Amino acid sequence: MKKIISTIIITSTVSSAVEYTNSLLETHFPDPNDPNGFITTELHANIANEDESPGKKGVAYETVYELWATQSDDISVEYKLDTKTVFTGGPAAEITITSADPYTLIPRTRADQPYTVTYSVSDLLSETETDDKRFTSTILYHQGKKANDSIVAGSAREINDNVTAESTQHQPLSLFSGSSTEVHGVITFSMNENVAVDADEFASQSITVLPKHTGSLEGIDEEKIYHTVPSVTINMHNLYPRGDAYLVVFKTSNKGDIEEYRIVQNSQLQNLTQELKSFDPLTISTLNSVIDEKGEWTLQLRVNTPFGDELVDEKQINKTGNIKINVNNVTTQE
Amino acid sequence: MDLGTLCDGRYTGCLLTSSIFDMCRFTLAAFTAALVLASTSLPAEDQLKFSKRKEVSLKDRCDILSSQGKLVMVPKGSILFIPDSLKSKVITSGKPTGKLITWNEFLALNGTWIHMFSVTFDQASGKAKIPQDQLESLGQLNKIVVARRGKNIISVSPKALEPPEKEKK
């Protein structure tokens with residue numbers, strides 16, 4: 001029996017208002033050729049948020065480590081936070097998923113933004129050493145789970161050679177159908193045993209896919225000529241975590257000259273959370289002091305997220321000068 | 001939380017990381033991803049038969065002990081003996097009520113009616129027997145007997161509890 005000493009390192013930097021109890025489970029699978037094999041399950045007695053738990057047991061054939069969090073007041077609510085499979089003499093693998101969002105606690109991206117999967121596989125044996133596919137290859141598999149719990153199967157690909165940091169880029173909408181403002185789910189990539197049934201994972205990583213924001217500006221009739229700029233209402237839904245939305249105005253003739261753009265005071269909507277955020281309509285009544293010259297102006301509702309600064313909605317407003325009225329004529333004064 | 005393993009330099013894993021807070025969006029439903037992936041994304045000659053191991057919830061793999069508003073989960077098969085007087089401590093049906101705590105915390109509160117019995121890995125896996133005289137002694141303690149290996153609670157194969165073959169004869 002090959003002895004592999006494993007030390008399980010658990011780290012958590014998240015606190016939550018809801019209390020959870022963590023559990024570390026080791027499941028020892030016997031050699032499938034052993035007709036009397038018994039699946040032994042072992043529960044670590046005490047897991048803190050940050051801990052190190054030595055697995056003193058040798059890995060007899062295959063051991064699956066699982067880290068669970070169970071809601072302390074309702075044990076029916078549980079989450080498997082991580083899983084790791086160790087084989088004697090089997091391959092090893094790593095998977096990481098990154099996107100333009102630098103948030104590292106849980107990889108995430110937006111439905112219209114790409115993400116990168118980087119994987120490594122080592123310790124594969126050659127086919128001259130063995131014809132057992134479990135030791136000569138792995139399966140890279142991915143699937144998606146939508147927010148409504150429906151599963152979307154991805155593809156399975158055989159990896160036959162050891163590779164180091166192989167990267168592939170993906171688009172969420174290539175797996176999830178729907179519009180970028182509606183798609184919401186989790187995509188998981190896993191490296192698995194190459195067996196037809198009961199394949200265990202060597203490594204896996206998930207990325208959360210969040211829908212793109214929607215927003216609009218209301219209150220401006222672009223056909224009208226205004227003497228006084230009316231109130232404008234900002235609507236913003238599903239603003240990306242740590243993103244903000246804001247209103248900017250500039251003379252249309254200065255479009256493209258960012259230095260002439262004026263951010264309207266009190267128009268900012270900030271999402272300081274790590275969740276999507278929708279806002280109540282925000283009415284801005286002070287535009288008349290910002291749009292202080294006659295002429296054509298552009299109002300833009302913009303968002304700033306890890307994916308960059310983007311235009312959400314745009315309106316043009318034509319502001320006129322003073323109107324002079326005399327008994328016989330109505331004229332506008334230049 | 002992320003789970004890292006270091007296996008004498010031989011195996012390193014790059015891990016799924018997730019936060020409890022962010023994972024609140026998702027419930028863990030047991031599902032079977034059994035797929036014969038003659039996927040439209042693969043040419044016919046690359047068809048793969050691939051089926052992941054069926055996921056089973058933690059709760060379904062554990063027995064639950066309850067006392068004074070506190071709950072603890074132990075792997076099924078780790079409770080070796082339950083005296084009649086303590087059967088009420090083991091939740092067998094319905095939704096348990098109480099606060100889930102760790103085994104160490106539960107044992108500290110309820111050590112008077114719990115006995116920890118050390119087994120070897122070979123005994124747990126059924127490759128070796130637990131001596132019958134030891135099992136008989138455990139039955140006389142009038143305590144709930146839970147198997148452990150080191151600090152961990154471990155399930156025990158029914159084969160380990162059976163008398164040796166020669167005794168059966």
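Predicted model only: the values in this text are computed from it and were never measured. Every chain is numbered from 1, with letters handed out A, B, ... down the list of sequences.
- With a 4.5 Å cut-off on non-hydrogen atoms, Leu25(A) touches chain B through its side chain but not through its backbone.
- The part of Ser190(A) that comes within reach of chain B is its side chain, from C-beta onward, which places non-hydrogen atoms under 4.5 angstrom from that chain.
- At distances below 3.5 Å, at least one donor-acceptor pair connects side-chain atoms of Glu78(A) with backbone N or O atoms of Lys59(B).
- If you measure heavy-atom distances from Lys76(B) to chain A, you find no contacts under 4.5 Å at all.
- Not counting sequence neighbours, the partners of Thr120(B) by the side-chain contact (heavy atoms from CB on, under 4.5 Å) test are Asp122(B), Gln123(B).
- For Val72(B), no part lies under 4.5 angstrom from a heavy atom of chain A.
- With a threshold of 4.5 angstrom between heavy atoms, Arg61(B) approaches chain A through side-chain atoms but not through N, CA, C or O.
- Ion pairing between Glu19(A) and Lys99(B) holds under the 4.0 Å rule for side-chain N and carboxylate O.
- Heavy-atom distances place the backbone of Ile39(A), and not its side chain, under 4.5 Å from chain B.
- Ring geometry for His142(A) against His170(A) counts as tilted: the plane angle lies between 30° and 60°, on a 0 to 90° scale.
- Only the backbone of Ile101(B) comes within less than 4.5 Å of a heavy atom of chain A; no side-chain atom from C-beta onward does.
- Contacts between Val195(A) and chain B at a heavy-atom distance below 4.5 Å involve the backbone alone (N, CA, C, O).
- Between Lys95(B) and Asp74(A) there is a salt bridge, since at least one side-chain N of the basic residue sits less than 4.0 Å from a carboxylate O of the acidic one.
- With respect to Glu158(A) and Lys133(A), a salt bridge is recorded, a charged nitrogen being found less than 4.0 Å from a carboxylate O.
- In this structure, chain B has no heavy atom under 4.5 Å from any part of Ser120(A).
- Between the side chains of His28(A) and Glu42(A), at least one donor N or O sits under 3.5 Å from an acceptor N or O.
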